[in-house]
Amino acid sequence: MAKWTAQHEAPEPLEGPVVATITGGTILWFAMFLVQLPFYGWFADRDLLWWVWTCAAGGGLGLIGIWYVRGRDAALKRHAAERAAAAAAVPGAGPDPASPAAPGSEG
């Protein structure tokens, strides 16, 4: 039996407002945690405390995610600026058509 291989290339990853998306999700997790705190006893009586702590964990992990995506976004912008500076330093040389376009430069 032959191994299955893809017949086409994988699509480019979608880029969007990643930092804003992660920040919004983190705010939602923390808001859900804070809303559930007054009902802590109710959750404890029914062995449902995992609901409260899941929201707390989501908020905490969201903070790590914000730190990560901000660094990633800065690195992508820094790389695009370095590539643009290198292309500008060589007279008559435009952007390399073989290199991937910088996120957000599609216009």
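Sequence positions, counted from 1, serve as the residue numbers for this chain.
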Between E15 and R72, does any NZ, NE, NH1 or NH2 come within less than 4.0 Å of an OD or OE carboxylate oxygen? yes
Residues passing the salt bridge (charged side-chain N to carboxylate O under 4.0 Å, His left out) test with R70, sequence neighbours excluded, are none
Hey, are the side chains of Y68 and V18 touching, using non-hydrogen atoms and a 4.5 Å cut-off? no
Those residues at least two apart in sequence (or on a different chain) that pass side-chain contact (heavy atoms from CB on, under 4.5 Å) with W53 are F33, Y40, L49, A56
Linking I/L/V/M/F/W/Y whenever any side-chain heavy atoms sit under 4.5 Å apart, do W51 and F39 land together? yes
Are W50 and L34 co-members of a hydrophobic cluster defined by side-chain heavy atoms under 4.5 Å apart? yes
Got a list of side-chain donor-acceptor pairs under 3.5 Å for residues 19-29, not counting sequence neighbours?
residue : atom : partner : partner atom : Å
T21     : OG1  : P17     : O            : 2.8
T23     : OG1  : V19     : O            : 2.8
T26     : OG1  : I22     : O            : 2.8
T26     : OG1  : G62     : O            : 3.3

Where do L63 and F30 land on the side-chain contact (heavy atoms from CB on, under 4.5 Å) test, with the steps shown first? CA-CA 10 Å; L63 291 176; F30 274 127; 4.0 Å; yes
